[in-house]
Structures are given as structure tokens and as C-alpha cells.
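One structure below.
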Amino acid sequence: MPIAVDIDVMLAKRKMSVGELADRVGITPANLAVLKNGRAKAVRFTTLAALCEVLECQPGDLLRWEAGDAGNG
């Protein structure tokens, strides 16, 4: 997938666990894991905003585009 998710990087920088982030954002740890591992097909802007608020970051700190990995399917 051409969109890479760097939630794990921000978690490490903030010294926060997946469980704590899920609690503070208001989503299940399972749904956060799907997003964190790049398996999500979409993310709600409200969820993205909550992630940014809790992690004190910008959307670009969590999501980035990787050229040449567009896939064929």
C-alpha cells in the first residue's frame, strides 16, 4: 500500500502503549492495531483528529505516502 502508517513511531516517541492510546482515543485496541499495522482501508477524520490530539502531532506525522508502492490490484 502506498500509504505508510507511523503510529508506532509516535507511540515510541511519547512512551505510550497501544492500550493507553486506544483508551484515550476511544477506539478498541484491535481497531488501533489494524490501523497501526497498515491493514485499514480507511480512517475517519474524527479518529485521525483524536490520534493527533492525544499524540500531540500532525496528521503527516502519522501518515505518509511512499512512491513506487502503488500495487496492482
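Since we're looking at a predicted model, the values are computed, not measured.
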Indicate yes or no: at least one non-hydrogen side-chain atom of [X] is less than 4.5 angstrom from one of [Y].
{"X": "L63", "Y": "D6", "answer": "no"}
{"X": "C52", "Y": "L62", "answer": "yes"}
{"X": "I7", "Y": "N37", "answer": "no"}

Donor-acceptor pair, side chain of D61 and main chain of C57, under 3.5 angstrom = no
Any sub-3.5 Å donor-acceptor pair from R14's side-chain atoms to L55's backbone N or O?
-> yes
Transitively linked via ILVMFWY side-chain contacts under 4.5 Å: [X] with [Y]?
{"X": "W65", "Y": "L48", "result": "yes"}
{"X": "I3", "Y": "V34", "result": "no"}
{"X": "V9", "Y": "L11", "result": "no"}

Please round to the nearest 0.5 Å and tell me the distance separating atom CD1 of I27 and atom CG of L32.
->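 Nearest 0.5 Å value for the CD1-CG distance: 4.5 Å.
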Provide the closest heavy-atom pair for V5 versus G38 in the form atom of the first, atom of the second, distance.
->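 V5 and G38 have their closest heavy atoms at CG2-CA, 4.2 Å.
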Minimal non-hydrogen separation, P29 against V18, with atom names |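 Where P29 meets V18 most closely, the heavy atoms are O-CG1, 4.4 Å.
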For V54 and M16, what are the C-alpha separation, side-chain angles and deciding distance, and is it a side chain to side chain contact (heavy atoms under 4.5 Å, CB included)?
-> CA-CA 10 Å; V54 170; M16 189 180 297; 4.1 Å; yes
Contacts of E53 that satisfy side chain to side chain donor-acceptor pair (under 3.5 Å) - sequence neighbours left out = none
Within a reach of under 6.0 Å around CZ of R44, are more than 12 heavy atoms found that belong to other residues, nucleotides or ligands?
->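 No.
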Applied to residues 22-34, the side-chain hydrogen bond (donor to acceptor under 3.5 Å, both in side chains) test, sequence neighbours excluded, yields E20-R24, T28-N31
